[in-house]
Amino acid sequence: MHEAAEARQLVASLRAYLEDLQETGVDGLVYGEPAMVAAPEQPAAVPAGASAGAISTASAPSPEEAAEKETLEKVRLDLGECRRCGLAGTRTNLVFGVGNPAARLVFVGEAPGRDEDLQGEPFVGEAGQLLTKIIAAMQFKRSDVYICNILKCRPPGNRNPEPKEIEQCQPFLLRQLRALRPEAIVCLGTFAAQTLLKTKEPISRLRGRFHDYHGIPLMPTFHPAFLLRNPAMKREVWEDMQQVMRLLGIELKK
Ligand code: URA
């Protein structure tokens with residue numbers, strides 16, 4: 001990444017981290033001997049050797065616990081066999097995310113559908129096949145990028161995610177993004193864009209331009225499932241993806 005862009009991202013991430021701390025009640029940091037700093041209240045530690053299969057109902061770790069050298073493995077371990085919301089009762093598989101942990105580009109969708117629930121992998125159904133074509137048109141392989149969702153479990157009947165479900169699940173997505181630190185994020189559809197950008201603006205107004213997510217350029221665009229119903233809108237999505245390609249220095253093949 002360009003040095004100036006890297007510095008901007010670092011400053012924005014630090015600012016976001018300090019805001020996170022403030023939101024969790026930390027109103028000052030002590031510079032000096034670590035021993036002089038009052039130890040924050042410790043959450044229940046992940047038991048040594050706990051696997052991703054461990055049942056977990058504990059609330060998500062706070063940002064300051066999560067901020068130190070975040071990794072996808074740690075996030076997966078903390079998520080465990082999640083039972084934080086009602087979707088645990090109806091899912092077949094929890095769908096964490098898939099792809100390259102060093103991806104330059106991350107796609108964030110809404111929630112697993114039926115095929116994803118059955119296979120435990122995001123975007124493998126019809127909409128997923130369209131997303132794979134979009135990724136290929138951008139000159140990436142699916143395995144080059146990282147793909148995940150706002151919700152890790154399928155809402156029954158593919159209904160919209162509920163605010164409570166988003167609230168419970170999104171800390172894990174935010175930690176995934178912190179671990180990945182991509183050069184760009186593409187939000188697929190209303191829920192992904194509105195959740196990460198903390199806005200209620202419709203996707204039609206958000207798409208087509210970059211927004212800032214903790215120093216990372218974020219491009220909202222239409223969801224592939226919407227494109228299946230409205231193929232004429234593929235042109236807009238392709239325009240959005242070309243902007244992402246330009247940002248990443250990828251030349252369009254003539
Ligand atoms: N739609 C999504 O938003 N995510 C998936 O994983 C599949 C379909």
Side-chain angles (χ1 to χ4, degrees), residues 52 72 75-76 79 82 85-88 90-101 103 105-138 140-177 180 182 184-197 199 201-204 206-207 213 218-231 233-234 236-237 240-241 244:
L72 291 174
V75 184
R76 183 65 192 88
L79 189 57
C82 183
C85 82
L87 298 181
T90 50
R91 72 166 181 239
T92 313
N93 285 297
L94 185 153
V95 181
F96 181 68
V98 73
N100 181 356
L105 180 59
V106 172
F107 289 86
V108 182
E110 180 178 316
R114 187 172 167 277
D115 295 301
E116 292 76 20
D117 175 62
L118 291 174
Q119 295 184 42
E121 181 170 332
F123 284 99
V124 289
E126 209 184 341
Q129 284 159 28
L130 179 53
L131 176 62
T132 304
K133 284 187 190 158
I134 294 170
I135 291 169
M138 296 173 79
F140 284 110
K141 293 196 291 293
R142 219 178 125 99
S143 56
D144 292 331
V145 302
Y146 192 87
I147 307 172
C148 52
N149 282 306
I150 294 292
L151 292 190
K152 309 262 179 275
C153 297
R154 181 193 184 204
N158 294 352
R159 64 158 168 74
N160 287 342
E162 286 175 1
K164 267 268 166 232
E165 293 159 355
I166 294 178
E167 195 185 309
Q168 292 285 344
C169 213
Q170 75 160 326
F172 296 97
L173 171 65
L174 305 193
R175 288 182 57 194
Q176 280 172 292
L177 293 174
L180 288 159
I185 297 171
V186 172
C187 278
L188 301 165
T190 305
F191 281 93
Q194 290 188 345
T195 301
L196 288 188
L197 296 174
T199 177
E201 276 213 51
I203 187 71
S204 53
L206 292 169
R207 64 151 290 274
Y213 174 78
L218 182 155
M219 174 63 77
T221 197
F222 293 123
H223 194 287
F226 173 78
L227 295 184
L228 291 173
R229 298 189 301 272
N230 302 276
M233 304 308 264
K234 285 183 186 172
E236 275 81 350
V237 171
D240 299 344
M241 295 307 97
V244 174

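For ligands, and for the atoms within them, numbers begin at 1 and follow the listed sequence.
Between Pro122 and Val98, some side-chain heavy-atom pair lies under the 4.5 Å cut-off.
When only non-hydrogen protein atoms are considered, atom 4 (N) of ligand 1 lies nearest to Asn149 OD1, 2.8 Å.
To the nearest 0.5 Å, atoms CD1 (Ile135) and NZ (Lys141) are separated by 12.0 Å. Distance check, rounded to the nearest 0.5 Å: CZ of Phe140 to CE of Met241 gives 11.0 Å. Distance check, rounded to the nearest 0.5 Å: CD1 of Ile185 to CG of Leu177 gives 4.5 Å.
Less than 4.0 angstrom separates some heavy atom of Glu110 from each of these atoms of ligand 1: 2 (C), 3 (O).
Only side-chain heavy atoms of Glu116 come within less than 4.0 Å of ligand 1; its backbone N, CA, C and O stay farther off. Residue-level proximity to ligand 1 for Pro122 is carried by backbone and side chain together, each with a heavy atom below 4.0 angstrom.
With Gly109, Ala111, Gly97 as candidates, the residue nearest to atom 5 (C) of ligand 1 on a non-hydrogen basis is Ala111.
Within 6.0 Å of the CD atom in Glu126, the count of heavy atoms belonging to other residues, nucleotides or ligands does not exceed 12.
Residue-ligand proximity: His223 is placed with a non-hydrogen atom under 4.0 Å from ligand 1.
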